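Owing to the predicted nature of the structure, the values given are computational and were not obtained by experimental measurement. Note that ligands are numbered from 1 as they come in the structure, with each ligand's atoms numbered from 1 the same way.
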Amino acid sequence: MTVLLAANWKMNLTAAEAQHLADAYRQLADEYQAHNVSFIVCPPALYGAALQQASEGSALNWGGQASHPAEFGAHTGDISAKMLQSGGASFVIAGHSERRQNHGESDEQVAAQIQAAHNAGLTVILCVGEGLADRKAGQAENIVTTQLSAALHNITKWESVIIAYEPIWAIGTGEVASPEDIQAMHAKMAEHLTSQCGAAFVPPLLYGGSVNAGNAAEILALPDVNGALIGGASLKIDEMRAIAAHAKAIQSR
Ligand code: PEP
């Protein structure tokens, strides 16, 4: 099975830096295609054209970091799934915890975003994850399965869903969930999604939260982990090259 490495560039890079990094990702994606390691870059919306240029005729894929549920309209500062698709994107992130926190996006809004993204023909990377207080209270699995149920309750295009488990306390903090906790949550999500999909198909399950070249080998080797969503380390091509090498090594075992 393919290892998916999704890069979330967040609100970083100048236009020139983004162009340069996009070109480096193109090389990496083409080099690793034969090893079943694939790359999805989610740049700031402004840099979509640079990613589109870099991904043309390449194995590189790109997507948005968020999208509004409407196709067009009076929504200052937003971008729609339809617009992303028309600019060449194939993917979009939904429900990232920074959007849930900074923009107050609810599970209902995330569900509407996913519907609109599917209508536009995009594959969604749905982020779920618990806060530290929830984990300490033993509520992590409950929070995550509730988020999955709420965001995916109307889904029919299961083949266009990817899940990223991102414990909020591990994002951008240098704190990583333990391999045991990651595997336990991924196994729980797989079980939950199997019953929610009503079929044997389970969407790919990514882990996200301070993944880097130093911890990727252990995380990517976990049985229910199919890849990673990477923030900070995704801005450094050498880190991504090292993570890709670990993913390749796991594939050839
Ligand atoms: C993210 O924001 O999706 C993420 C995982 O960030 P970081 O890798 O920096 O923790």
Side-chain angles (χ1 to χ4, degrees), residues 3-13 17-18 21 25 28 37-45 47 51 61-67 84 89 91-105 110 113-114 117 122-132 134-135 140 143-144 147-148 151 161-179 181-183 185-186 189 203-220 222 225-244 246-247:
V3 177
L4 290 175
L5 299 179
N8 178 8
W9 288 359
K10 308 195 188 191
M11 195 179 76
N12 289 298
L13 307 170
E17 288 166 346
L21 193 54
Y25 267 88
L28 205 52
V37 181
S38 63
F39 292 83
I40 305 163
V41 174
C42 298
Y47 305 149
L51 262 299
N61 291 295
W62 72 276
Q65 295 180 5
S67 58
L84 286 165
F91 294 82
V92 66
I93 298 172
H96 192 283
S97 60
E98 287 157 12
R99 298 289 306 181
R100 293 181 194 257
Q101 281 171 349
N102 301 348
H103 297 265
E105 290 182 0
V110 172
Q113 291 164 9
I114 294 173
L122 299 182
T123 293
V124 171
I125 303 172
L126 168 64
C127 297
V128 293
E130 81 287 356
L132 191 55
D134 299 321
R135 174 152 287 273
I143 296 282
V144 166
Q147 287 174 337
L148 289 175
V161 177
I162 295 168
I163 307 294
Y165 168 54
E166 299 210 313
I168 297 168
W169 47 272
I171 296 179
T173 57
E175 295 269 340
V176 188
S178 70
D181 286 344
I182 297 172
Q183 173 52 29
M185 185 62 85
H186 279 234
M189 293 196 302
L205 304 177
L206 313 184
Y207 169 77
S210 300
V211 173
N212 58 37
N215 57 32
E218 194 172 23
I219 293 168
L220 293 175
L222 295 168
V225 172
N226 308 118
L229 178 55
I230 304 162
S234 77
L235 299 168
K236 298 177 198 137
I237 200 68
D238 290 347
E239 285 276 324
M240 290 305 289
R241 182 169 286 285
I243 294 169
H246 290 308

- Query: Do L122 and V124 have side chains that get closer than 4.5 Å, going by heavy atoms?
  - Reply: no
- Note on the structure: Minimal heavy-atom distance between W169 and E175, with the atoms involved, is O-CB, 3.8 Å
- Counting only N and O atoms by type, is there a donor-acceptor contact under 3.5 Å from the side chain of D134 to the main-chain atoms of A140? no
- Query: Mind checking what residues have non-hydrogen atoms under 4.0 angstrom from ligand 1?
  - Reply: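 Correct list: N8, K10, H96, E166, A170, I171, G172, G208, G209, S210, L229, I230, G231, G232.
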- Please list, chain by chain and in numerical order, all residues satisfying ring-ring contact (aromatic ring centres under 6.0 Å, His included) with F39, sequence neighbours excluded. none
- Aromatic plane relationship, Y165 with H186 - under 30° parallel, 30 to 60° tilted, over 60° perpendicular: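 The arrangement is perpendicular - the two ring planes meet at more than 60°.
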- Message: With rounding to the nearest 0.5 angstrom, report the CD1 to CG distance, I243 to D238.
- Response: 11.0 Å
